[in-house]
Structure formats: structure tokens, C-alpha cells
Amino acid sequence: MRGRVRVSCLVSALLAAPRQSLCRWRSACDRRLTAAASRIPPPGSASRLPPAMKQRSIASFFGSPVVGARGGPSSSGGDGGRVKALEPGAAPKRPGDEPKPTSKPQAAQARSPPKGKRPSQDYGVDAPRKPKRLRKAKGQGKAAQPEGVAAEEDVIDSQMESPRNEEGRGQAASVADVAGACLADSGKEDGSQGADHSDTESDADSRTSASSESEVSAENLGGRKAGKNGIAEPGGGTPGKGKATRSPAAKKRGKKKAAQSKAGKVEGVGAASEAAAALYSEFKEEDYEDWDAAKGAPYKVLTDTFQKIGNTTKRLEITLLLTNTFRRIIKRSAGDLLPAVYLCVNRVAPAHEGLELGLGDATLIKAIAQATGKKEALIKSQYEESGDLGTVAVSARHTQRVLFPLPPLTISGMFQAFKAIAMAQGSKSQDQKKQMIGKLFVSSKGNEAGYIVRSLQGKLRIGLAEQTVLTSLAHAVLLERDSTSGKGSLAERLEKAAQTVKQVYSLCPTYNVVVPALLEHGLDDLSKHAPFSPGMPVRPMLAKPTSGVSEVLDKFSDCAFTCEYKYDGERAQIHVWHDDAGKQKVQIYSRNAENNTSKYPDLVARMASCLKEGVKSAVLDCEAVAYDIQQKRILPFQVLSTRARKDVTVTDIKVQVCLFCFDCLYFNGRLLFQEPLTGRRQVLNSVIKEKEGEIQFAKAMVSREVEELEGFLNDAVAAGTEGLIVKTLDATYEPSQRSLNWLKLKKDYLEGCGDTFDVVPIGAWHGKGKRKGGYGSFLLAIYNPGLEELQTICKIGTGFSEEQLKELSDQMRGYVIGKPKKYYSYGETLIPDVWFDAKAVWEIKAADLSISPVHQAARGMADPSKGISIRFPRLVRVRDDKAPEDATTAEQVTEMYQQQTLVQAKKKSRRDMD
DNA sequence: TTTAGGGCCGG
DNA sequence: CTCGCTT
DNA sequence: AAGCGAGACGGCCCTAAA
């Protein structure tokens with residue numbers, strides 16, 4: 001109920017005002033030039049640590065025998081841990097059936113130069129080599145045997161903590177030593193990295209022995225690094241900064257392709273495929289001693305691969321590494337392919353099943369602390385410092401000692417474990433999750449713990465994601481299973497295979513179906529074995545931002561296009577069909593394939609009366625927008641967002657919704673993806689019965705006159721929408737995320753338009769992953785001259801280049817103060833890691849303003865108690881010419897907020913008069 | 001029973 | 001969602 | 001141009017704690 005009250009308030013407040021942003025005056029207030037203060041960047045002051053938390057006894061968290069580490073601060077709880085249940089790592093078994101992985105790490109780069117290798121602690125012994133099979137014997141071999149193992153672990157760890165990144169790629173040589181052949185050939189960087197890439201894989205093993213030399217100061221699990229800018233690259237400069245090399249072939253496709261969408265034919269083989277083809281020819285089987293079909297693939301097979309993938313940014317190489325790993329899995333234990341794929345894409349189930357891990361940094365930190373017997377505060381501070389919770393976990397684990405070996409983690413075991421964690425719910429579920437995580441840690445070796453954590457965080461952060469996984473999957477299957485089928489060169493077949501798999505997956509987004517189909521039937525006729533079917537979400541087509549009408553005209557210079565209003569609601573992909581019993585079924589999916597059916601019982605009920613005669617089945621692409629029935633007007637997104645989300649009952653609905661349809665992907669048993677937009681629109685017309693306020697067609701027009709376009713854009717904004725979506729009329733529907741054949745034109749993208757603010761950075765948070773070492777985001781404030789306060793308006797984390805971010809971090813470090821000034825007004829729940837003195841002024845841009853539950857800007861002015869914040873803030877530039885007192889004022893912010901709603905209302909009433 | 005924190009998801 | 005970086 | 005990974009606000013929902 002509370003929700004409802006709030007809703008109605010909001011509705012009335014926003015009623016009149018769908019967003020709008022006319023060109024308002026820019027905040028350019030005036031300029032009292034203040035000399036740009038010279039900045040001396042002293043080392044930042046220490047950030048505050050969170051209150052220490054209670055430490056718990058470690059023993060109780062280990063599922064297996066562990067001994068408190070030596071040396072470690074674990075003294076309090078931990079020494080003398082006692083043995084408990086064993087249960088080797090794998091998975092807490094639950095009825096979970098399918099494998100899925102999830103993991104997401106976030107890593108961070110070093111915030112300070114690698115401090116050299118850690119004194120390899122030799123404690124941890126974890127190296128069980130016992131096959132999982134045997135594990136039932138709970139107590140087998142309880143002798144702990146540290147030494148040998150310890151040595152091994154150190155080796156592994158060091159590799160794991162990969163070099164890559166900040167160290168710069170220039171040092172390919174040393175990297176190669178450590179990381180393995182993977183980078184070996186990068187010596188020849190430029191050019192021909194082709195040829196003998198092959199061993200990338202094979203040497204992988206070699207590293208096991210060879211890499212003891214890895215003195216590389218490791219940073220962490222190979223992660224996307226800070227990039228070349230951060231640290232100057234010693235060696236030969238920046239390799240490919242420019243777009244030096246681009247294959248002619250690639251060049252050729254280009255705008256043409258975008259314009260006239262490609263249906264599905266391979267036109268010319270990309271250079272990438274050619275290169276890949278060459279590399280694949282030297283695939284070698286890699287040996288993992290503890291891997292045989294019966295035991296299943298060791299998790300290490302994957303983490304080793306992740307490690308190597310994390311050490312490069314080259315896509316070809318990433319694809320190669322993963323493909324080879326998949327090939328080995330197919331050869332030796334094909335049943336592990338599905339779980340392996342899930343682990344690679346870091347999911348525990350298909351999106352539409354809605355199963356999630358339910359873990360975030362906060363819980364993971366607790367879990368790590370518990371599992372290792374360290375204090376939460378310590379883990380937290382290490383995380384702040386390293387920016388990578390995975391690394392923290394690996395090093396924390398060093399201090400544990402296992403009394404006797406546990407079987408190695410396996411791919412399928414990990415998947416099951418993640419799934420079990422995801423399925424835990426209800427009372428005590430948090431504890432259960434933490435326990436399960438603890439068990440995984442205990443059984444992990446080397447860098448495994450790091451990837452476990454990253455996976456649980458939901459960010460693998462190694463530059464590997466769905467598209468690449470699909471490509472590798474296709475390549476692996478082609479090479480292992482269909483190597484002789486098909487025509488054309490290997491490169492052509494590889495390209496086609498990848499395309500096939502991506503296309504099939506986009507229509508049947510479930511690895512549970514696609515992977516088995518690939519293994520059983522191969523690539524030929526894959527779509528028959530993993531077919532689209534109504535009720536199963538399809539990846540929606542997305543639009544790409546543009547900077548103005550001229551860019552649109554340029555991109556679509558040689559083709560006919562159309563514009564549609566870009567409604568500010570949420571994507572709704574509506575499936576309607578009849579089941580075998582003849583009953584009408586409706587399912588509604590979000591842009592990310594989440595099943596929103598239970599959120600929109602009103603829409604489900606409405607569909608029956610919205611379809612024309614003879615419509616048996618259809619898939620509609622729409623935007624669900626909050627709608628005021630009385631006033632007959634659309635409402636801002638903020639209103640829509642207050643709707644209840646789960647198991648909604650029609651009678652409880654407070655925010656009504658109107659559907660704006662703009663595409664039809666399926667009609668009476670026929671897929672329409674290959675049809676041009678023109679054709680799909682015709683079908684759409686024959687499917688939908690428009691009803692004002694319930695279901696309407698998105699407003700559209702066709703023209704290529706600049707003035708008309710601009711006029712239409714203005715109308716769109718005045719009507720309360722975000723702008724326009726521009727589409728070529730002959731474009732097919734390209735489901736996969738990568739095909740951005742639609743363009744979005746929003747007012748705030750336009751230069752000189754949209755709202756800008758001059759704000760004062762008064763605090764910041766440490767960066768994670770790629771941004772480790774500097775700040776990752778800043779807390780910004782505007783000026784309230786009346787109260788003489790600096791009031792927070794938003795945080796910002798985008799708009800700066802890596803280089804600029806580093807500069808800003810260094811500069812701001814010089815302004816760090818121990819505690820906030822008394823004249824800072826901020827939300828108690830939004831405390832930055834560090835506070836700054838008010839010195840700098842930055843110009844930022846935003847889409848629009850909203851009443852905020854946490855920010856204080858203009859508090860009491862637009863809303864009696866709340867402040868104002870902004871949507872989609874990004875940095876425009878630094879204003880060295882301004883002083884904090886010149887910042888945008890609370891009054892100005894308030895006025896902008898009012899304008900936003902007023903303008904809208906005015907336009908609306910004018911329309912009504914017509 | 002109520003509330004606060006954490007997580008997920010939407011744009 | 002926006003943005004920047006890399007291939 | 002594609003793909004990836006940094007980061008933003010605000011809302012509901014669930015769980016744990018008060």
C-alpha cells in the first residue's frame with residue numbers, strides 16, 4: 001500500500017508532465033573567472049573503513065577441514081579449525097538439473113603499482129587430486145600434505161594473477177613466459193600474428209611447470225586492464241591505437257550493410273574468419289591429468305582458459321582460446337559442454353526463467369570473510385584497494401589449510417553449485433548461500449577461487465561475453481563434429497557456422513536446447529532442432545544513438561527510412577498463440593528476455609480484444625507506457641516504474657498502461673524476420689485493432705527533408721516522448737544485440753541541446769576493475785545560495801576518457817579532506833569513499849530531472865522534502881574558469897524541473913484544442 | 001510486525 | 001541507460 | 001561496427017534484523 005500512495009502522489013505530480021527538454025538555457029551562468037587553481041596532487045588521504053564487523057568463527061563455515069592460517073590475522077577465530085563435513089567441492093546438490101554457471105567477477109586493477117609478488121604463502125594446501133567419484137569416502141586421506149602442493153599452488157596463483165594489463169603489453173615477452181604461449185607470439189604483434197598462434201593452447205600446460213618463474217607481480221586474475229593509457233607502455237608504443245588495420249573486406253561492408261540489412265547470407269568471408277581458420281589448423285589436444293570422461297571436465301580447464309582470455313584483448317585470440325577449450329570438452333566429455341557454456345556466459349539459467357544468484361558484493365564479502373576467517377572490514381578494504389574481489393578471495397584463501405585433499409572442482413559440479421546457490425530462497429537462505437560458497441572455496445585451488453568469486457559477482461570481466469561464446473561454440477562444433485560437411489573454405493564455413501548459431505540462438509535463446517541440438521545434430525538444420533516457438537522470447541532489435549539529423553541522413557543516405565516516436569516506457573514483446581486445446585495464451589517479455597507476464601495481467605487480458613479476426617498467433621514488438629486514461633496522455637517513465645512487478649492482480653493496478661506497437665515478428669505461424677519493415681508493418685496493421693489508451697501504433701512518418709525531420713523530432717519531444725527512432729524501410733529484423741540497424745535520435749544527444757549543469761565534485765568512490773587505482777565515480781553538487789549549501793544532485797561515472805579520468809583522479813586527490821564540510825548537504829545513505837574540498841567545477845549533461853529519494857539538490861523547492869536528481873548524467877568538460885559559487889544554483893535546477901513539466905503540459909493542451 | 005539493506009532490473 | 005576502448 | 005565493460009538513478013521485492 002505504501003507503494004500505492006506514493007504512486008498517486010507521483011502521478012499527480014508528474015501528471016502534467018511527461019518529460020521534455022526544450023532547449024533551455026544552458027547553465028552557463030556567467031563567468032567569474034577564477035584562476036584555475038594550480039593543483040598539487042598529494043597522495044589521497046585514507047578512506048574510511050567501514051565499521052568493523054563481528055568476526056565469526058571460521059570453523060563453522062567450512063564444510064571441510066580447514067585450519068586457520070598461520071600468520072594471518074585470523075587468529076581470533078580461526079586457529080585450530082576443526083574438521084567438519086567434507087563434501088568436496090562440487091556442488092551442493094540440489095535437485096537442480098541443468099547446469100549453469102554464473103559468475104561475474106569484477107576485477108580491478110591495481111590501485112597502486114603491483115607490489116611485487118606476494119610472499120607466496122605456502123599454507124594453503126588444497127590440492128586434492130582425488131576424483132570426485134571417490135569422494136563419498138568422506139575421510140579419505142586426511143593427511144594433509146602441504147608442501148608439494150603448496151608449491152604448485154603458488155605457481156598457479158601467480159599466473160592467475162595475471163600480468164596483463166597495467167603492465168602493458170609492451171612487455172609481451174615477459175608476459176609470455178608467464179602466461180604461456182598465449183601471448184608468445186605477440187612478440188610479433190603487429191601484423192602477422194597469424195600463423196603459429198596455435199600453440200597458444202598447448203603451451204598452456206607447459207606453464208604449469210615452466211612458469212614457476214612467474215615473478216610477475218601479479219595483479220589479479222587476468223582481467224581487463226586499465227588499458228594502455230594508464231600506464232605508459234614501455235615497449236614499442238601503442239600498438240594499434242588507430243584503426244590501422246582493418247581488412248578491406250570489412251571496409252567494404254559498411255554502411256551498405258547497415259542500410260540494407262543482410263538476411264543471412266555470408267557475403268564474403270571476413271578476415272577474422274580467415275585468420276581463425278589458419279589458427280585452428282594447429283589445434284592440439286591438451287592434457288589434464290585428472291580429466292577423464294567419467295570424472296568430467298575439471299573446472300581448472302575453464303579457469304585456465306579464463307586466465308588466458310583475460311590476458312589478451314585480441315578477439316581472435318579470445319575466440320581461439322575458447323574454441324579450443326570447447327573442442328577438448330567435446331572430445332572428452334561432451335556432456336560438460338552445456339555447463340561449460342553456462343559458466344562462460346555467466347548465467348545460471350536462461351533469462352526468461354528468472355533464476356538469479358541473489359548475491360552482490362556485500363554478501364560476497366561476508367561470505368569470503370566467513371570462509372577464510374578474516375574480518376569483513378579487512379576483505380572490504382582489500383577490495384577497495386585491489387578493485388577485484390576475486391583477487392582478494394584468492395589471497396585470503398592462501399591462509400587456509402586443508403587437512404586432507406578434496407577432489408578437484410569440476411565444470412558440471414560448479415554449474416550445479418551455482419544453480420543451487422541461486423535456488424536457495426526463504427528464511428536462512430543467505431546463510432545457506434554463504435555456506436555453499438565457503439565449500440567451493442575450500443575445494444578450490446590456485447586461481448579458481450578468484451573466478452568463483454567473479455562468477456558470483458556476475459562479471460567475469462575477461463572480455464568474454466555471449467557473442468564470443470556463441471562464435472566459439474559454433475567453431476568448436478564445426479571443427480569437431482562437422483568438419484567435413486559444408487562447402488567452401490574453412491574460413492567460410494567457420495563464418496557461416498557462427499552466423500547460424502547466433503541466429504538460431506537469437507530465436508531460441510536457451511542453451512539447454514541449442515547445445516544438445518548442436519551435439520546431436522550438428523550445424524546443418526540446426527534451426528529445426530532449436531526452433532523458434534511462440535512463447536519463447538526473441539532477442540529484440542536495438543537502436544543506436546546518433547548525434548543529430550545530419551548523422552541520420554548521412555547514415556541512411558542511400559535508402560528510404562521512416563521515423564517513429566520513441567516512447568518512454570519499457571519494451572514489451574508480446575506473444576499470443578493458442579495451445580493445443582485451443583486456448584489463447586499470452587506471454588510478455590522485457591527487452592532482456594525477462595518474463596514480465598505476471599507484471600501485466602491487464603495487458604494479457606486486453607490482448608483478446610485487440611487482435612483482428614483470424615489472428616491465431618503473433619509476436620508484437622511494443623513499448624508499454626504509463627498512461628492517464630482521463631487526461632488521455634502518456635506519463636513519464638518514472639510513473640511506470642512504480643508499478644508492482646510480480647504476480648500483479650488486475651484490480652490492484654494503479655498505473656494504467658498503453659501499448660505502442662511498432663513491429664510484428666511472427667504472424668499465424670510465419671516468422672517475419674526476413675521481411676522488410678514495410679511488410680512487417682502491413683502485417684502489424686492486419687493484426688492490431690487500435691484502441692485509444694490501450695493499444696496504438698507508434699506514431700510514424702516518412703520524409704527525408706531536414707526540416708520535416710526536425711519538426712517531427714520537436715513534436716515527439718513535445719508529446720512527451722524521448723525523441724525518435726529512425727529505421728530503414730527495407731531493413732529486416734535483426735534480433736541479435738549486435739545489429740543496431742535502427743537509430744535513435746534524442747534531444748539531449750544534440751549538441752547545444754539538453755540540459756547542462758555546472759557542478760562541484762565533493763566526493764568520490766574508488767574504481768573497480770578497469771578503473772582500479774583511480775576513482776570510479778564522483779559525487780556532484782549544485783549550489784544553493786540561500787542556504788549556502790552545496791547540495792548533491794547525482795553521481796557521475798561516464799563521459800570521461802580513461803586518460804581524463806586518471807587526470808581527474810590525481811587532481812582531486814589533492815583536494816581530499818577527512819570529513820565533509822558542514823555546508824555539504826547529502827543523503828545519509830550515499831556516503832562516498834572520500835570527500836573533497838569544494839574546488840573544481842565540471843559541466844555535465846543529462847536527459848532530464850526527477851525527484852530523488854536521496855539527492856538534495858533544491859530540496860524543498862520542487863518537492864516539499866525531496867531533492868532533485870538527473871537521469872543519465874555524463875561529463876561534458878571541466879570548467880577551469882569557474883569557481884564553486886558559480887555552479888548551477890538550486891533555483892535554476894528547480895526552474896528546469898518546472899519547465900520540464902510545464903512545457904509539456906502546454907503543448908498538450910494546445911493539441912487538445914485542435 | 002515493521003523496517004532497513006541488498007539485489008535485480010528497467011530506462 | 002551513456003560512454004570509451006579495442007579489434 | 002561489433003563487442004565488451006566501466007559507470008549512473010530509481011523503483012519493487014526479498015530477506016534479515018529490530
Side-chain angles (χ1 to χ4, degrees), chain A residues 2-3 6-7 10 104 106-108 223-224 226-229 239-241 243-247 250-251 253-255 257-258 271-272 312-318 354 356-363 425-431 458-468 471 544-545 568-571 590-592 594 596 599 623 637-638 640-647 722 736-740 746 748-749 765 767-772 776-778 794-805 829-830 844-847 850-855 869-875:
Chain A
R2 175 167 14 136
R6 223 181 308 154
V7 170
L10 245 184
K104 323 183 161 195
Q106 58 167 10
R224 297 292 91 182
K228 8 182 112 176
N229 310 340
K241 196 135 206 170
K243 25 210 85 202
T245 49
R246 198 172 151 205
S247 77
K251 255 177 205 159
R253 317 189 199 166
K255 93 169 29 171
K257 205 166 186 183
T312 183
T313 56
K314 295 188 174 64
R315 285 153 117 61
L316 260 179
E317 192 168 308
I318 290 172
E356 299 299 333
L357 283 166
L359 291 171
D361 284 356
T363 310
Q425 57 174 55
S427 181
K428 297 285 187 71
S429 60
Q430 294 298 306
D431 275 342
K459 299 170 171 193
L460 227 27
R461 252 200 69 236
I462 55 176
L464 177 69
E466 193 134 75
Q467 296 307 311
T468 310
T471 299
K544 191 181 170 169
D568 193 12
E570 90 180 18
R571 196 83 174 255
S590 76
R591 163 192 151 124
N592 294 314
E594 298 286 331
N596 276 350
K599 173 176 178 177
E623 189 80 5
F637 176 81
Q638 212 179 1
L640 179 68
S641 72
T642 63
R643 260 184 80 118
R645 286 164 202 173
K646 294 191 102 176
D647 305 321
E722 293 182 299
S736 88
Q737 299 223 176
R738 73 204 150 85
S739 51
L740 304 172
K746 293 170 65 172
D748 63 290
Y749 294 159
W765 284 264
K768 311 264 171 81
K770 220 198 284 206
R771 297 198 179 165
K772 113 175 138 188
S777 60
F778 299 88
C794 69
K795 280 168 63 176
I796 197 167
T798 191
F800 21 61
S801 65
E802 284 182 7
E803 192 177 2
Q804 186 179 20
L805 179 59
T829 59
L830 201 67
I844 63 172
K845 191 166 189 172
S850 60
I851 296 298
S852 170
V854 293
H855 290 291
S869 184
I870 56 188
R871 189 147 81 138
F872 311 144
R874 60 267 195 191
L875 180 71

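Proteins come first, then strands; the chains are lettered A, B, ... in the order of their sequence lines, and each starts at number 1.
A/Leu875 comes within contact range of no nucleotide atom at all, as no heavy-atom separation falls under 4.0 Å. Within the 4.0 angstrom heavy-atom criterion, only backbone atoms of the sugar-phosphate kind lie near A/Lys746; the bases stay farther away. Counting non-hydrogen atoms under 4.0 angstrom, A/Leu805 reaches nothing in the nucleic acid.
Within the 4.0 Å cut-off from OP1 or OP2 of C/dC3, not a single side-chain nitrogen or oxygen of A/Ser801 is found. Contact annotation: A/Gln638 reaches the phosphate of D/dG11 (side-chain N/O to OP1 or OP2, under 4.0 Å). For the pair A/Thr829 and B/dA4, the criterion of a side-chain N or O lying under 4.0 Å from OP1 or OP2 is not met. Distances shorter than 4.0 Å separate none of the side-chain N or O atoms of A/Ser429 from OP1 or OP2 on D/dC14.
A/Arg874 contributes no side-chain N or O that forms a donor-acceptor pair with the base of D/dG7 under 3.5 Å. With hydrogens and angles ignored, no donor-acceptor pair under 3.5 angstrom links the side chain of A/Thr313 to the base of C/dT6.
Without hydrogens or angle criteria, A/Arg871 side chain to A/Ser850 main chain gives no donor-acceptor distance under 3.5 Å.
Comparing D/dA16, D/dG10, D/dG5 by their closest approach to the side chain of A/Gln430 singles out D/dA16. If you check C/dT2, D/dC9, D/dG7 against the side chain of A/Tyr749, the one that comes closest is C/dT2.
Of the two residues near DNA chain B, A/Asn596 and A/Gly360, the one whose nearest nucleotide lies more 5' is A/Gly360.
Salt bridge A/Asp568/A/Lys746: absent, no basic N to carboxylate O contact under 4.0 Å.
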